[in-house]
Amino acid sequence: MNRIAIRVFFVVFSAVPLVAAQGNVVPPKPGVTAVQAPFASLRPSATFKIGRTADWVLVTEDAIWVTGTRPYSLQRIDPATNTIVAKVRLSGEACAGLVFGFGSVWVPICGNRPHLDRVDSESNRITAVLPIATAGPEAGITASSDSIWMVTDKDGTTLSRIDPATNKVRQRTTIPEGSYNPLSTGKTIWITGFHKNILTAIDAASGEMLASIPVGPKPRFLTSGGGSVWTLNQGDGSVTRVDIDSRKATATVDLGIPGPGGDLAFGAGFVWASTMGLPITVIEGATNRLRRQWVGRGGDALRFGYESIWLTDYHRGLLWRIPLQATQQP
């Protein structure tokens, strides 16, 4: 997803190649022209104004959650009525994903005093402010059956396991340097290694490292589905598929969307990717075939749920609901 530094790059250097924080030149995002269509051809069934910006999106059993700025907020949407039913004021900008677990939405906050907010999903109120800082912008958070997991140092070397009963860190695992984004698939916690171009598997019961699998360059966001974990590789704009059981990469699909920001989700048998300017790209999960890519203004954070794609336009502060059926037209 998009961040303050990325926002500056987008505005000031939109006509020239970008330079990432690490000092590497970021190529333009041409996409794959053979499968492209105008994004304006997709008609949302609902549009929500979230704030000056709109970013992280979370789908739960009875709600859609999205964060925004001005004011800093976590907003709850009822997908049955397409209405915003609650707005939770946050003390800073949500910067490293959202996750649901143990009756709460967990929101990492950046700023002068980074911390982790726990929001009760029944009362829509913050019930705990944990003095546990995320690794930084574009990091992530995930939940297993008994814990919340988050990388908690700027070097990306410490995976912290948080006990939801005490709201305290119960275990720390050393991970390869430059790893920031975790994802739970039940028995395993997977973490993308941005600096080392790997996907690391952690045993969710013991917290021990199991394996590191080579993937595409600079993997960041990830999702799971179809028996696999999928990584969005910001270095070249590809997606790598890793089999959960064998822990081996089985395919890499070129999407042509390199650079910072973006998102990845799985739903209805498809992998959905987003980045600004190329709001939706879809891969068939059964065949690894790049099916379609929509070009136009908008894009950044994306999730799938309720037979819809939930997509933000970060800079205009919007959240769109796009019906799955609309994306299936030839």
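We count residues from 1, following the sequence as given.
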Indicate the atoms forming the closest heavy-atom contact of Pro279 with Ser274, along with that distance.
-> O-OG, 2.7 Å
Does some side-chain heavy atom of Glu208 sit less than 4.5 Å from a side-chain heavy atom of Thr173?
-> no
For the pair Tyr180 (side chain) and Lys154 (backbone), establish whether a donor and an acceptor sit closer than 3.5 Å, ignoring hydrogens and angles.
-> yes
Under-4.0 Å salt bridge between Arg76 and Asp62 | yes
May I ask you to decide if Gly156's main-chain N or O and Glu177's side chain share a donor-acceptor pair within less than 3.5 Å?
-> no
Minimal non-hydrogen separation, Leu42 against Ala326, with atom names = CD2-O, 3.4 Å
In terms of side-chain heavy atoms, does Gln36 have a donor or acceptor partner in Thr33 at a distance below 3.5 Å?
-> no
Is it true that a side-chain atom of Arg170 and a backbone atom of Pro164 form a donor plus acceptor pair closer than 3.5 Å?
-> no
In short, Gln328 meets Leu324 closest at the heavy-atom pair CG-O, 3.3 Å
Minimum heavy-atom separation for Ile162 to Leu130, with atom names?
-> CG2-CD2, 4.0 Å
Straight-line distance of Trp106 CH2 to Leu116 CG, nearest 0.5 Å = 6.5 Å
First locate atom CZ of Arg297, then atom CE of Met276, and finally report the distance between them rounded to the nearest 0.5 Å.
-> 11.5 Å
Indicate yes or no: does Asp236 engage Lys218 in a salt bridge with an N to O separation below 4.0 Å.
-> no
Counting heavy atoms not belonging to Lys49, are there more than 12 under 6.0 Å from its NZ?
-> yes
Verify the neighbour count for atom CZ of Arg125: are there more than 12 heavy atoms of other residues, nucleotides or ligands below 6.0 Å?
-> no
For residues Asn233 and Thr240, is any side-chain donor paired with an opposing acceptor at under 3.5 Å?
-> yes
Checking side-chain contact (heavy atoms from CB on, under 4.5 Å) for the pair Ile322/Thr327: CA distance, chi angles, key distance, verdict?
-> CA-CA 8 Å; Ile322 300 173; Thr327 69; 4.3 Å; yes
Considering all heavy atoms, the nearest Asp55-Thr312 contact = O-CG2, 3.2 Å
Short question: side chain of Ser228, backbone of Trp230 - any donor-acceptor pair under 3.5 Å?
-> no
Interatomic distance, OG1@Thr60 vs CG@Leu58, rounded to 0.5 Å, equals 6.0 Å
With side-chain contact (heavy atoms from CB on, under 4.5 Å) as the test, would you mind laying out the steps for Val119 and Thr127 before giving the verdict?
-> CA-CA 6 Å; Val119 178; Thr127 57; over 6 Å; no
Under 3.5 Å: donor-acceptor pair, side chain of Gln75, backbone of Thr67 = no
Could you walk me through whether Lys168 and Asp163 pass side-chain contact (heavy atoms from CB on, under 4.5 Å), step by step?
-> CA-CA 6 Å; Lys168 295 181 179 180; Asp163 185 345; 5.8 Å; no
From CD1 (Ile189) to OG (Ser147), nearest 0.5 Å = 8.0 Å
Any chance you could lay out the side chain to side chain donor-acceptor pair (under 3.5 Å) test for Thr53 and Thr69, step after step, and finish with the verdict?
-> CA-CA 5 Å; Thr53 64; Thr69 61; 2.5 Å; yes
Measure up the Phe304 and Trp272 rings against each other and bin them: parallel (under 30°), tilted (30 to 60°), perpendicular (over 60°).
-> parallel
Within a reach of under 6.0 Å around CZ of Arg289, are more than 12 heavy atoms found that belong to other residues, nucleotides or ligands?
-> yes
Would you tell me whether Asp78 and Thr83 have side-chain atoms, one donor and one acceptor, within less than 3.5 Å of each other?
-> no
Nearest non-hydrogen partners of Gly140 and Met150, listed with the distance = O-CG, 3.6 Å
Within the side chain of Thr192, is there an N or O that forms a donor-acceptor pair under 3.5 Å with the backbone of Arg220?
-> yes
Ion pair Asp117/Arg89, N-O distance below 4.0 Å = no
Do the non-hydrogen side-chain atoms of Phe39 and Ile280 ever get within less than 4.5 Å of each other?
-> yes
Is Leu232 close to Leu222 at the side-chain level, that is, under 4.5 Å between some pair of heavy atoms?
-> no
Interatomic distance, CD1@Ile132 vs CZ@Arg118, rounded to 0.5 Å, equals 11.0 Å
Measure from the side-chain N and O atoms of Thr223 to the backbone N and O of Phe266, and report whether any donor-acceptor pair falls under 3.5 Å.
-> yes
Take Ile175 and Val151 through the test side-chain contact (heavy atoms from CB on, under 4.5 Å) and record every step on the way to the result.
-> CA-CA 9 Å; Ile175 53 179; Val151 179; 3.9 Å; yes
Say you draw a straight line from CZ of Arg316 to CD1 of Ile50; how long is it, rounded to the nearest 0.5 Å?
-> 14.0 Å
Is a side-chain N or O of Trp310 found less than 3.5 angstrom from the main chain of Gly305, in a donor-acceptor match?
-> yes
Keeping the roles fixed (side chain from Ser179, backbone from Pro176), state whether a donor-acceptor pair exists under 3.5 Å.
-> yes
Do any N or O atoms from the side chain of Trp190 and from the backbone of Ser184 form a donor-acceptor pair under 3.5 angstrom?
-> no
